[in-house]
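Right, one structure below, let's go through it.
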Amino acid sequence: MPELPEVETVRQGLDTWVTGRTIASVEVRHPRAIRRHLPGDAHFAAVLTGRTVTGVSRRGKYLWLPLDSGDAIVGHLGMSGQLLLQPADAPDETHLRVRFTFTDGGAQLRFVDQRTFGGLAVSEGGAVLPGEIAHIARDPLDPLFSDEDFVAALRRKRTEVKRALLDQTLLSGVGNIYADEALWRARLHGARAADALTGPAARRLLGHVRDVLREAIVAGGTSFDALYVNVNGESGYFDRSLDAYGREGLPCHRCGTAIRREQFMNRSSYSCPRCQPRPRRTPR
DNA sequence: ATCCCGCCCTGAGCGC
DNA sequence: TGCGCTCAGGGCGGGA
């Protein structure tokens with residue numbers, strides 16, 4: 001569910017409310033939530049207890065909390081994960097998976113995840129960049145992201161442009177919503193062959209990706225339901241600004257044509273039939 | 001090496 | 001009411 005803007009909203013909240021605090025206890029309520037932490041839940045709790053969180057970082061849709069030990073807690077929200085700050089006396093959430101308490105006795109950090117596609121792990125020595133996510137590309141808001149490298153890599157891909165936008169090793173942070181939004185802005189159908197894009201077209205597309213991500217962060221992300229919320233349980237409001245995603249049958253904000261929905265990668269894709277005509281040739 | 005598919009889960013909404 | 005089906009914002013492993 002969460003893409004870069006939603007994860008960045010969570011990152012900012014964690015940075016405000018968790019950085020500088022020392023972990024007093026860790027309770028793993030569901031083993032699947034730490035399945036990527038191979039040593040298991042007892043080890044997970046033991047290495048984190050007594051550690052101080054020194055910041056909160058993000059690459060694409062991954063978050064990590066560097067610790068004073070040089071290790072890090074690395075996490076992914078999957079489709080339905082939430083990181084919430086809750087008073088100690090707040091009732092446990094139905095899908096509470098991991099609870100952290102702090103030595104200051106303040107709000108707990110809770111990892112709540114209905115579908116359990118998300119998870120947490122300790123990354124040994126991962127404070128600067130967890131090795132577990134070294135294969136994830138920088139995101140387009142990262143100051144060290146290289147536009148020219150991305151454009152060149154995109155134009156080498158023998159696949160459809162939407163598939164390439166969703167490839168987290170090419171650029172990170174873009175998911176189904178923001179891919180469709182950027183393609184709509186760029187007036188490109190997602191089935192266009194990536195290696196058939198001209199350099200200027202690829203650069204324009206990247207510009208639209210960057211714009212829509214930035215605008216969505218300002219809005220606090222996109223929340224269709226209670227599954228995506230910030231660390232204080234509040235929804236973002238970028239759903240009001242969507243031009244394509246989820247708008248099947250509604251008029252295109254540019255030309256008035258009804259937005260269409262198509263199946264792609266076992267997911268829905270939304271586009272304007274007039275502004276984003278299907279390519280005649282698709283990649284093989 | 002590159003690309004693509006199936007799968008990992010739970011719950012909401014819908015038609016019957 | 002209840003059943004069964006479809007759908008949901010992601011990423012990985014493994015096969016082709």
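Below, chains carry the letters A, B, ... as their sequence lines are ordered, and counting in each starts from 1. Basis for what follows: all heavy atoms, side chains included, without hydrogens, waters or symmetry-related copies.
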What's the [atom1]-[atom2] distance between [X] and [N], to the nearest Å?
X: A/R115; N: C/dG9; atom1: CZ; atom2: P; result: 8 Å
X: A/M79; N: B/dT10; atom1: CE; atom2: P; result: 14 Å
X: A/M265; N: B/dG6; atom1: CE; atom2: C1'; result: 12 Å
X: A/K162; N: B/dC3; atom1: NZ; atom2: P; result: 18 Å
X: A/I136; N: C/dC12; atom1: CD1; atom2: P; result: 5 Å
X: A/Q114; N: B/dG11; atom1: CD; atom2: C1'; result: 5 Å
X: A/K61; N: C/dC12; atom1: NZ; atom2: C1'; result: 13 Å
X: A/N176; N: C/dG11; atom1: CG; atom2: P; result: 11 Å

Look at [X] and [N] and indicate whether a side-chain polar atom (N or O) is within less than 4.0 Å of OP1 or OP2.
X: A/K157; N: B/dT2; value: no
X: A/Y245; N: C/dG9; value: yes
X: A/T116; N: B/dT10; value: no
X: A/H95; N: B/dG11; value: yes
X: A/H135; N: C/dC12; value: yes
X: A/R97; N: B/dC9; value: no
X: A/R158; N: B/dT2; value: no

Identify whether any heavy atom of [X] sits under 4.0 Å from a base atom; if not, whether one sits that close to sugar-phosphate; answer base, sugar-phosphate or nothing.
X: A/R35; result: nothing
X: A/Y62; result: sugar-phosphate
X: A/S268; result: sugar-phosphate

Are [X] and [Y] close enough that a side-chain donor and a side-chain acceptor fall under 3.5 Å?
X: A/S172; Y: A/D139; result: no
X: A/E93; Y: A/Q86; result: yes
X: A/T103; Y: A/R21; result: no

A/S57/A/R11 under side-chain contact (heavy atoms from CB on, under 4.5 Å): CA gap, chis, key distance, verdict: CA-CA 7 Å; A/S57 301; A/R11 190 203 66 76; 5.6 Å; no

Less than 5.5 Å between centroids and less than 30° between ring planes, does A/F117 satisfy that with B/dC8?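 It does: the two rings, one from A/F117 and one from B/dC8, meet the stacking criterion.
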
Among A/H253, A/H189, A/R247, which residue meets the side chain to side chain contact (heavy atoms under 4.5 Å, CB included) test with A/W184?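 Only match with A/W184 under side chain to side chain contact (heavy atoms under 4.5 Å, CB included): A/H253.
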
A/F150 vs A/L170, side-chain contact (heavy atoms from CB on, under 4.5 Å): CA-CA, chis, key distance, verdict: CA-CA 7 Å; A/F150 168 73; A/L170 212 52; 4.1 Å; yes

Nearest-Å distance once atom P is located in both B/dG6 and C/dT6: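 After rounding to an integer number of Å, I get 15 Å for this pair.
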
Taking Watson-Crick and G-U wobble pairs with both distances under 3.5 Å, convert DNA chain B into its dot-bracket string, 5' to 3', dots for unpaired and | for cross-strand pairs. .|||||||.|||||||

Reported CG-to-OH distance for the pair A/L183 and A/Y270, which is rounded to 0.5 angstrom: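 OH of A/Y270 is found 14.5 Å from CG of A/L183.
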
What one should report as the nearest heavy-atom pair of A/V10 and A/V229 is CG2-O, 4.1 Å

